[in-house]
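Okay, structure first, notes after.
Quick caveat: nothing in here was measured; it's all calculated off a predicted structure.
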Amino acid sequence: MPKYIKNLNHEEILNLSDQIDILAGQVVSKTLAQNDKVSMTLFGFDKNEEIGTHDSDGDAFVYVIDGVAKLTVDGREHIVKKGEVLIMPANKPHSVYAAEQFKMLLIVVFPK
């Protein structure tokens, strides 16, 4: 039977925060699913690390697992804290900055 979600144990209760580490001076990622319809990735950001401005042809759902992030969408800044979600619409430039160490789950849903 195929597994569509990888890099996590199946049929086991997991704490998402424990599934990704934060490493000094880095952005760490762990791909959970990737195909032409959806991408699901865990990220761990050290303080002051960032992913520069880019865009995507899919809607990006960001769930902050721990910490605080500054997400900029189409020039507008959003401070997103633990337990909060922000959806970054398709085809709008956006960036991610770690105001402090933080972890997030990113789910991108593509139009295909």
field: Non-hydrogen atoms of Thr53 and Pro93 that approach each other most closely
entry: CG2-CB, 3.7 Å
query: If you look only at pairs with a residue in residues 47-82, which of them pass as a ring-ring contact (aromatic ring centres under 6.0 Å, His included), with sequence neighbours excluded?
result: His54-His94
Atom pair CE/CG of Met104 and Leu71 - distance to nearest 0.5 Å: 7.0 Å
- request: Please examine the side chains of Ile22 and Phe45, heavy atoms only from C-beta on, and report whether any two atoms are closer than 4.5 Å.
  value: no
message: Pair Val62, Ile87 - check side-chain contact (heavy atoms from CB on, under 4.5 Å), show working.
response: CA-CA 6 Å; Val62 175; Ile87 297 174; over 6 Å; no
message: Is there a continuous path of hydrophobic side-chain contacts, each under 4.5 Å between heavy atoms, that joins Val96 to Val80?
response: yes
- prompt: Does CD in Glu11 sit with more than 12 non-hydrogen atoms of other residues, nucleotides or ligands closer than 6.0 Å?
  reply: no
- request: Go through the steps for Lys70 and Glu77 under the test salt bridge (Lys or Arg N to Asp or Glu O under 4.0 Å), then give the verdict.
  value: CA-CA 7 Å; Lys70 180 174 77 173; Glu77 291 183 1; 3.6 Å; yes
- prompt: What's the shortest heavy-atom distance between Leu8 and His10, and which atoms?
  reply: O-CD2, 3.2 Å
Hphob cluster co-occupancy, Val85 + Val109, side-chain heavy atoms under 4.5 angstrom: yes
Verdict with supporting geometry, Lys81 and Val64, side-chain contact (heavy atoms from CB on, under 4.5 Å): CA-CA 6 Å; Lys81 300 174 185 169; Val64 175; 5.8 Å; no
task: Taking the side chain as every heavy atom from C-beta outward, state whether Ile107 and Val38 have any atom pair closer than 4.5 Å.
output: yes
statement: Closest heavy-atom pair, Gly58 versus Pro111, reported as atoms and distance to 0.1 Å, is CA-CD, 4.3 Å
- prompt: Which heavy atom of Asp66 sits nearest a heavy atom of Ser17, and at what distance?
  reply: OD2-OG, 4.2 Å
field: Between Asp46 and Gln26: side-chain donor-acceptor atoms closer than 3.5 Å
entry: no
Side-chain heavy atoms of Lys37 within contact of Phe110, under 4.5 Å: no
- prompt: Can you list the steps and then say if Gln19 with Leu14 is a side-chain contact (heavy atoms from CB on, under 4.5 Å)?
  reply: CA-CA 8 Å; Gln19 304 307 307; Leu14 303 170; 4.0 Å; yes
field: Pair Gln34, Ser39: side-chain N/O donor-acceptor within cut-off below 3.5 Å
entry: yes
query: Met40 and Ile5: side-chain contact (heavy atoms from CB on, under 4.5 Å), yes or no, with the steps?
result: CA-CA 9 Å; Met40 187 165 49; Ile5 296 176; 3.7 Å; yes
task: Measure the spacing between CG of Asp74 and OG of Ser95 and express it to the nearest 0.5 Å.
output: 11.0 Å
- line: Heavy atoms of Ala60 and Val108 approach each other most closely as CB-CG2, 4.1 Å
field: pair Ile20-Val28: side-chain heavy atoms closer than 4.5 Å
entry: yes
- prompt: Are any non-hydrogen side-chain atoms of Val68 and Ile79 less than 4.5 angstrom apart?
  reply: yes
query: Side chains of Asn48 and Tyr97: do they bring a donor and an acceptor to under 3.5 Å?
result: yes
query: Is there a path of hydrophobic side-chain contacts, each under 4.5 Å between heavy atoms of I, L, V, M, F, W or Y residues, that connects Phe102 with Val27?
result: yes
field: Over 12 foreign heavy atoms within 6.0 Å of NZ, Lys30
entry: yes
message: Name the residue from Thr31, Leu105, Leu106 that meets the side-chain contact (heavy atoms from CB on, under 4.5 Å) definition with Leu42.
response: Leu105
